[in-house]
Protein chains: 4
Amino acid sequence: MDVTMDGTRHQRRGNTRQRIQDVALELFAEQGYEKTSLREIAERLDVTKAALYYHFKTKEEILASVFDDLTRPIEELIEWGQQQPHTLETKREIVRRYSEALASATPLFRFMQENQATVRELRIGDTFKDRMKGLRDVLIDPDAELVDQVRCVSAIFTLHAGMFVLQDLEGDPDKKRQAVMDVALDLVTQADRGSAGRS
Amino acid sequence: MDVTMDGTRHQRRGNTRQRIQDVALELFAEQGYEKTSLREIAERLDVTKAALYYHFKTKEEILASVFDDLTRPIEELIEWGQQQPHTLETKREIVRRYSEALASATPLFRFMQENQATVRELRIGDTFKDRMKGLRDVLIDPDAELVDQVRCVSAIFTLHAGMFVLQDLEGDPDKKRQAVMDVALDLVTQADRGSAGRS
Amino acid sequence: MDVTMDGTRHQRRGNTRQRIQDVALELFAEQGYEKTSLREIAERLDVTKAALYYHFKTKEEILASVFDDLTRPIEELIEWGQQQPHTLETKREIVRRYSEALASATPLFRFMQENQATVRELRIGDTFKDRMKGLRDVLIDPDAELVDQVRCVSAIFTLHAGMFVLQDLEGDPDKKRQAVMDVALDLVTQADRGSAGRS
Amino acid sequence: MDVTMDGTRHQRRGNTRQRIQDVALELFAEQGYEKTSLREIAERLDVTKAALYYHFKTKEEILASVFDDLTRPIEELIEWGQQQPHTLETKREIVRRYSEALASATPLFRFMQENQATVRELRIGDTFKDRMKGLRDVLIDPDAELVDQVRCVSAIFTLHAGMFVLQDLEGDPDKKRQAVMDVALDLVTQADRGSAGRS
DNA sequence: CATGAATGAGCTTTCATTCAT
DNA sequence: CATGAATGAAAGCTCATTCAT
C-alpha cells in the first residue's frame, strides 16, 4: 500500500518518511554513519530533528529500514538459489542477478562496504553477515577444494569491488560492469570445473 | 617490576608511545575509529587522556603514525615493483610479497578495510588510495584488455578479502592463506596470458 | 509560579534566550570573556550547557548577539550624524547622545573596554572598530589641525573613561556624568574653534 | 648586578630569564594573557615548558616580573611628584614624563590597556590601580571643581589612548605624539586655571 | 504531523603545573 | 640549567534522544 501501481514509492503527501530514508542513505553513503548527524539530515530536509523521531524510533532504525527495503531482492535471490539445483548454470545466474541487485542499490552497498566496522555493531550487521553467508553457500560446493571455495568468495568480492574501485579506471561504465561480471563468472566457472573434475 | 617500592606504578622506559600505538590500533580495529574514544585508550593504558596528547598532537595523528610505521613495507614493495621489468614473474612476486605484507599487519588492514568511510576523510586516506593505485599500476598492463585489468584488481581484492572473510571458513589457516594466494596468482597469470596472446 | 504542581521548575515562556544574554553579559563584564565558561552561565540559569547551544551556535555568538542588540542605538547615531551638516552644534549633539547611549549599555561598554585583546580576535572586533572610526569621522574635520583631531578622539575617550574610572571618585553620579560630558563637549568645541579660526 | 654598566640587561649566558620575559610580553601584548599559553612561549624560545618553571614559579609571575621591571620609572615618577609642590608646572612636567614613560614601555601598556579584565584578577591588578590613583592624585587638586578633576583624568586617558587609537590616523608619528601631549597639557592647564580662579 | 526546548552523556582538545632525573 | 613525561581540571562543543504542546 505504500507502493503505487507502477512500483515507485508513493509521493502522495505523507512522503516525509520516504524523503528521510533517501536523504539519510545519501548522507550515510557520502560521509559514513557516525559522521552523519540527525541534525544534518533534518536540516537538509528542512524539518526538525524531532520530526525524524516521529517517523523512526532511532537513528539506527532509519538505516535499518533503508536496508530492509533495499536488500529484499537479494534475500529473494538467495531463497531462489537455495531451491535450485547446484549446477554451474544456476551459479552463473546468481552471479548475474547479484550484479544487477548491487547495481540497483549502489549507494546502500557502497555504504555497507565502507562502514563495516560500524555496521557490525548494528542490528543490520548480523542480518547482512547472514545474507553474505547464504550467498556464499549457494555458490560454494562444500566438498570442493579450498581453492575453488576461495574462487567463489573472490567472485562475490570482485563484484563488490567493481562498484567502487573501478570508478577511477578509465573506460565506458557499461563495458566495465560487463568486464567485472565476466571475471566473476569466470571464477565460478573455474570453481565448478574443479569440482566436476574431482567428482 | 613495574611497581616501585612505594607502590606507585611505573611504565619504566619510554615505551609509552609504542604502547599507545598498539592499544589504539587494537581498539580501532575492534570497534572502529569513531567509536573508539581517547578515554578508552587512556584507561586501558592506565594513563590520562592528556598523556596521549603529550605523545601525539591529535587522535588522527595516532592513527597516522601507526599507518606510517606499518605500511612502510608496502611502500617499499611498490617502489621495488616499479623498477622491475613488467614480466609475469615480477607480478607473481609482487602478489606473494603483498600477501606477506598484509599478513604481517593484519589488524591495520582489517581496520582500513572496515573503516573506509572514515579513513577517506583522514590524512591517511589519500596516502592509502595512492598506494593502492601504485600497486594496481604495477600489476596492470595499461594496454591490456579491460577484463584482464579487472582480473588484476580482483587479485588484490581477493588477497584483502582473504584476510577477513575466510576467517569464518573452516580449515587450516595456512592452507587457506595458500589457497587465497593461489587464486590471486591465477588471476594475474590469466591476465598476463591475455596480454601476451594479443601482442 | 515558576514551579508546576509536580514540583519541577519551569522557566515558562520562551524567555530563555534573553536570560542567557543577560547572564552572559553580566558575567563577561564581571570576569572577562575567557574566564567566563559556558558551564558557569548555564549553572547560573539552572539549565545545561547544551541548552545554551540550542539558542546560540557558539560562545562567540552569544556575545555577538548581545553586542548587536545593544549597540544598535550607536549605529543609528552614526548614521544620523553622517546626514547632518558638520556644524559644531551637530557635534555637540553627537557627544550628548553618545554619552546617553553609553550610559544605557554600561555593562557592554565596560566589557568592550576591558577585553579589547579578546574582542579584537572576535567577529565583533572589526564591527566595533568600524563603528569607532565612524564616530570619529563624524566628529573630526579631516582638514583640521592634528591637535584638534586629537581633541575629538580625546573627547570620545573621556566619555568612555568616565564610565569606569570615575566610579571610584567620590561624588554624586549624575553630577559626575555631567562633568564628564562638559569636558567632552569642551574638547569638541575647542577643536571646532581651531578649524573655524583657520578657515 | 643583573645590569651591565651601560644599563642594558646582561646577555652573559644565563639570559634565558630575560628572553622569557621579552617573548612573554610580546605574546601577551599581541594576543592577550589568556590566549597566550606557556607552550607557545616555550616553543618560540625553543625550550621546554618546564624550563619556564625553572625561572618563574607561575605564569602570573612571568607577567608580574615584567610589570615590576618596566613600571619602576612610573613608580619613581609618582614618588617624585608627591614631593613636589602642587604647581601647574609640576603637573605639566608629570604629563611630559609620563608620556615618555609610556613610550618607553609601549608593549606593556598596550597589554595593560587591552587586558584590564584579566589583569584585574591578577596580583599586579591592584598595584596598577594604586599607581593610577597615585598619578591621578598628583595631578588633581582635591578641592578643585569636578570638571577640572575630570580634565586631569582625561589628560591621562588621552595619553593612553594616544598610544593605540592614533596608530590608524595618518601622519608623522612624532607629530602625533606631540599633538597628543599638547592636548593633555592643555587639559591639565585648564584644570589648573579653574582651581586658580576659584582660590 | 510536527515543532520548540531541553537534557545527559560524551567527545576532542588545551592548559598550567609537577617532579624525578 | 633544563628536560621528558605525565596529570587533573576544565573548556567548548556535538549528539541522539525526549516530551509537552
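We use all heavy atoms of the structure for the numbers below, so side chains are in, but hydrogens, waters and symmetry mates are not. Numbered from 1 within each chain, the chains take letters A, B, ... in sequence-line order. For clarity, every value in this text was computed on a predicted model and none was experimentally measured.
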Using only side-chain N and O atoms of [X], determine if any of them is under 4.0 Å from OP1 or OP2 of [N].
| X | N | result |
| --- | --- | --- |
| B:S37 | E:dC11 | yes |
| A:Y53 | F:dT17 | yes |
| B:H55 | F:dG4 | no |
| A:R39 | F:dC15 | yes |
| C:Y54 | E:dA6 | no |

Could you tell me the Watson-Crick or G-U partner of E:dG10, where both distances fall under 3.5 Å? Say none if there is no partner.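 Partner of E:dG10: F:dC13.
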Looking at F:dT21, which nucleotide sits across from it as a Watson-Crick or G-U wobble partner, both distances under 3.5 angstrom, or is there none? E:dA2
When you get a sec, tell me which of [options] is the closest nucleotide to the side chain of [X]?
| X | options | answer |
| --- | --- | --- |
| A:A51 | E:dA2, F:dA16, E:dT12 | E:dA2 |
| C:A50 | F:dA10, F:dT17, E:dG8 | E:dG8 |
| A:T16 | E:dA16, F:dG12, E:dA2 | E:dA2 |
| C:T48 | E:dA6, F:dT17, E:dT7 | E:dT7 |

Using whole Å, what does the distance between atom [atom2] of nucleotide [N] and atom [atom1] of [X] come to?
| X | N | atom1 | atom2 | result |
| --- | --- | --- | --- | --- |
| C:K35 | E:dA16 | NZ | P | 11 Å |
| C:L122 | F:dG12 | CG | C1' | 13 Å |
| D:E43 | E:dC15 | CD | C1' | 13 Å |
| D:K59 | E:dT14 | NZ | P | 15 Å |
| C:E40 | F:dA9 | CD | P | 18 Å |
| A:I41 | F:dT14 | CD1 | C1' | 15 Å |
| C:Q31 | F:dA11 | CD | P | 11 Å |
| D:R19 | F:dC1 | CZ | C1' | 13 Å |

Identify whether the distance between the nearest side-chain nitrogen and carboxylate oxygen of B:E26 and B:R44 falls below 4.0 Å.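 Yes.
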With the threshold set at 4.0 Å, does a side-chain nitrogen-carboxylate oxygen contact exist between C:D68 and C:R123? yes
Looking at CD of B:E60 and CG of B:L63, how far apart are the two atoms once the value is rounded to the nearest 0.5 Å?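 That separation rounds to 7.5 Å.
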Checking A:S65 against A:Q21: is there a side-chain donor and acceptor pair closer than 3.5 Å? yes
If you find the nucleotide of DNA chain E closest to C:L52 and the one closest to B:L38, which residue's nucleotide is nearer the 5' end?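 Residue closer to the 5' terminus by nearest nucleotide: C:L52.
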Classify the ring geometry between B:F128 and B:F67 as parallel (under 30°), tilted (30 to 60°) or perpendicular (over 60°). perpendicular
Given side chains that start at C-beta, do those of C:Q31 and D:R120 come closer than 4.5 Å, heavy atoms only?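 A side-chain contact is absent here, since even the closest heavy-atom pair is not under 4.5 Å.
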Determine whether a donor-acceptor pair (one donor, one acceptor, N or O, separation below 3.5 Å) exists between the side chain of C:K49 and the base of E:dT7. no
